[in-house]
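Each remark here refers to the structure printed beneath this line.
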Number of protein chains: 2
Amino acid sequence: MKKTATRAPEETRRRILNAAFAEFYRTGFQGGSINRIVAEAGATKGALFHHFKDKNDLGYAVVEEIIQPRIRASWFDPLADSIDPIADVKYTMRQFVKEEQERGRLVQGCPLNNLAQEMSPLDEGFRRRLEKVYSAWREAMEVAFARGIKAGKVRKAVSPRNAAAFVVAALAGIIGTAKNAQSEELLKQAGEGLFDYLDSLRP
Amino acid sequence: MKKTATRAPEETRRRILNAAFAEFYRTGFQGGSINRIVAEAGATKGALFHHFKDKNDLGYAVVEEIIQPRIRASWFDPLADSIDPIADVKYTMRQFVKEEQERGRLVQGCPLNNLAQEMSPLDEGFRRRLEKVYSAWREAMEVAFARGIKAGKVRKAVSPRNAAAFVVAALAGIIGTAKNAQSEELLKQAGEGLFDYLDSLRP
DNA sequence: TTGACAACATACCGACTGGTCTGTATTATC
DNA sequence: GATAATACAGACCAGTCGGTATGTTGTCAA
């Protein structure tokens with residue numbers, strides 16, 4: 001009765017998943033160690049391989065159950081009903097930088113982009129799942145740009161698709177650059193450039 | 001007499017270096033295998049560890065002796081005396097895409113960015129060397145923008161430093177995005193966005 | 001109460017890792 | 001031609017890797 005449940009499979013699975021996310025975020029997927037993950041999660045290999053069939057399967061779950069929802073909450077949702085995507089992207093980005101800065105996590109880069117850069121060319125399973133997130137992101141932004149044009153907040157000559165592709169790519173590049181340089185100053189500089197671009201889309 | 005030289009240390013070293021570059025480009029640094037490298041190079045571990053003290057040292061040499069000169073030739077040199085950086089960046093980028101496309105190497109990403117994303121947060125030796133290349137790149141572009149302003153080819157209100165930081169970051173992001181999506185179409189779309197940005201800097 | 005199955009724990013496995021050691025052949029120096 | 005140093009070759013090493021096989025225990029339906 002000390003423990004309400006000696007078995008809590010869903011929670012065990014979740015602990016492993018969280019530990020795996022942290023490990024892969026730190027060392028990359030290939031560099032990530034199953035042994036360290038179970039140690040960190042306070043679990044065992046038996047538990048891990050009970051819930052996930054192999055390392056790849058664990059990695060896939062990290063993408064779908066942890067990374068995707070995070071990106072969605074941070075980046076898609078604020079754009080969901082936006083009719084002024086220029087203002088909203090700028091606001092979202094400022095918000096994001098502020099939050100990550102406080103957690104001191106900025107210089108570790110974007111977990112989505114980190115995994116994508118490493119694994120997309122090596123494993124089709126990863127590539128498909130990661131690309132699904134990216135394409136949804138671009139899609140959300142494209143729709144926002146289209147709405148912005150209709151609302152007269154964005155120039156009509158702008159191609160929503162191209163602009164969306166560029167902004168998402170640029171964001172990934174900017175965060176990655178700041179990570180390499182370990183410099184928030186550089187993040188600000190490149191960010192200014194992106195803001196200038198966005199402003200240039202105004203009517 | 002069949003072989004003019006049974007020993008050619010410089011060439012041996014070079015073969016190992018090239019094989020290491022290819023291996024790391026394919027599988028990343030952590031995923032790269034010393035055994036596969038020596039096999040591919042037609043050498044042995046004795047030779048490899050004679051020329052390089054350990055795996056990291058080999059990686060550092062790949063950055064300084066292979067990656068850096070490549071980036072320099074492809075991206076800095078065309079900007080060296082540019083007074084119209086907008087036109088020259090566009091031209092360089094088109095040139096680059098064309099060449100990589102022919103070699104079918106586009107979808108493998110930029111070797112510099114690949115290594116940077118993976119190793120910069122993990123190893124200070126890598127980070128320093130990779131950042132040196134990036135900062136030189138930004139520096140070259142910043143100078144070019146400044147010259148462009150003087151020549152009346154770029155608006156005076158443009159900050160050369162911010163614009164350079166943004167363009168380099170965006171380039172990395174665009175190439176990485178195309179790699180993840182395995183899509184040259186996406187590369188074109190995002191590239192159009194970058195071109196639009198560059199045009200917006202005209203007086 | 002009793003199977004039956006899910007949820008683990010643990011010992012263990014072969015493959016492979018980066019790296020070292022010892023021996024040997026080639027080359028440069030005097 | 002002797003000597004010393006360089007440039008390898010290849011066996012070998014401890015350790016770690018992802019993964020498995022087997023055993024045990026909690027859970028729950030009948």
Interatomic distance, A:Arg14 CZ vs C:dA7 P [rounded to whole Å] | 17 Å
Taking only residues two or more places apart in sequence or in another chain, which ones pass side chain to side chain donor-acceptor pair (under 3.5 Å) with A:Lys188?
-> none
Output the residues of residues 41-51 of chain B in contact with DNA chain C, where contact means a heavy atom of the residue under 4.0 Å from an atom of the strand; sort by number or write none.
-> B:Lys45, B:Phe49
Axis-to-axis angle across the helix from C:dT1-D:dA30 to C:dC30-D:dG1, five pairs an end, to 10 degrees?
-> 10°
A:Asp54 side chain to A:Tyr60 side chain, donor-acceptor N/O pair below 3.5 angstrom = no
How close or far is atom C1' of C:dC8 from atom CZ of A:Arg13, stated in whole angstroms?
-> 15 Å
When rounded to whole Å, the NZ to C1' distance for the pair A:Lys53 and C:dC8 reads 20 Å
Counterpart residues, side-chain contact (heavy atoms from CB on, under 4.5 Å), relative to B:Gln30 (two or more places apart) = B:Glu118, B:Met119, B:Leu122
Partner set under side-chain contact (heavy atoms from CB on, under 4.5 Å) for B:Ala87, not counting sequence neighbours | B:Asp84, B:Arg202
Partners of A:Glu11 by salt bridge (charged side-chain N to carboxylate O under 4.0 Å, His left out), sequence neighbours excluded?
-> A:Arg15
Not counting sequence neighbours, which residues clear ring-ring contact (aromatic ring centres under 6.0 Å, His included) with B:Phe52? List them please.
-> none
Sorted by chain and number, sequence neighbours left out, salt bridge (charged side-chain N to carboxylate O under 4.0 Å, His left out) with A:Glu65 holds for A:Arg13, A:Arg14
Hits for salt bridge (charged side-chain N to carboxylate O under 4.0 Å, His left out) against B:Glu40, two or more places apart or cross-chain, chain-then-number order -> none
DNA chain C contacts made by residues 22-40 of chain A, counting heavy atoms under 4.0 Å = none
Round to a whole Å and report the spacing from CZ of A:Phe52 to P of D:dT20.
-> 16 Å
Are OP1 or OP2 of D:dA7 and a side-chain N or O of B:Thr12 less than 4.0 angstrom apart?
-> no
Which residues satisfy the salt bridge (charged side-chain N to carboxylate O under 4.0 Å, His left out) test with A:Arg94, sequence neighbours excluded?
-> none
Euclidean distance, atom CD of residue A:Glu11 to atom P of D:dT27 [Å, nearest integer] | 13 Å
Length of the CG-P vector between A:Asn56 and D:dC17, whole Å = 16 Å
Pairing residues for A:Tyr25 by the ring-ring contact (aromatic ring centres under 6.0 Å, His included) criterion, not counting sequence neighbours | A:Phe21
Answer with yes or no after comparing the ring centroid distance for B:Tyr197 and B:Phe166 against a 6.0 Å cut-off, counting only values under it.
-> yes
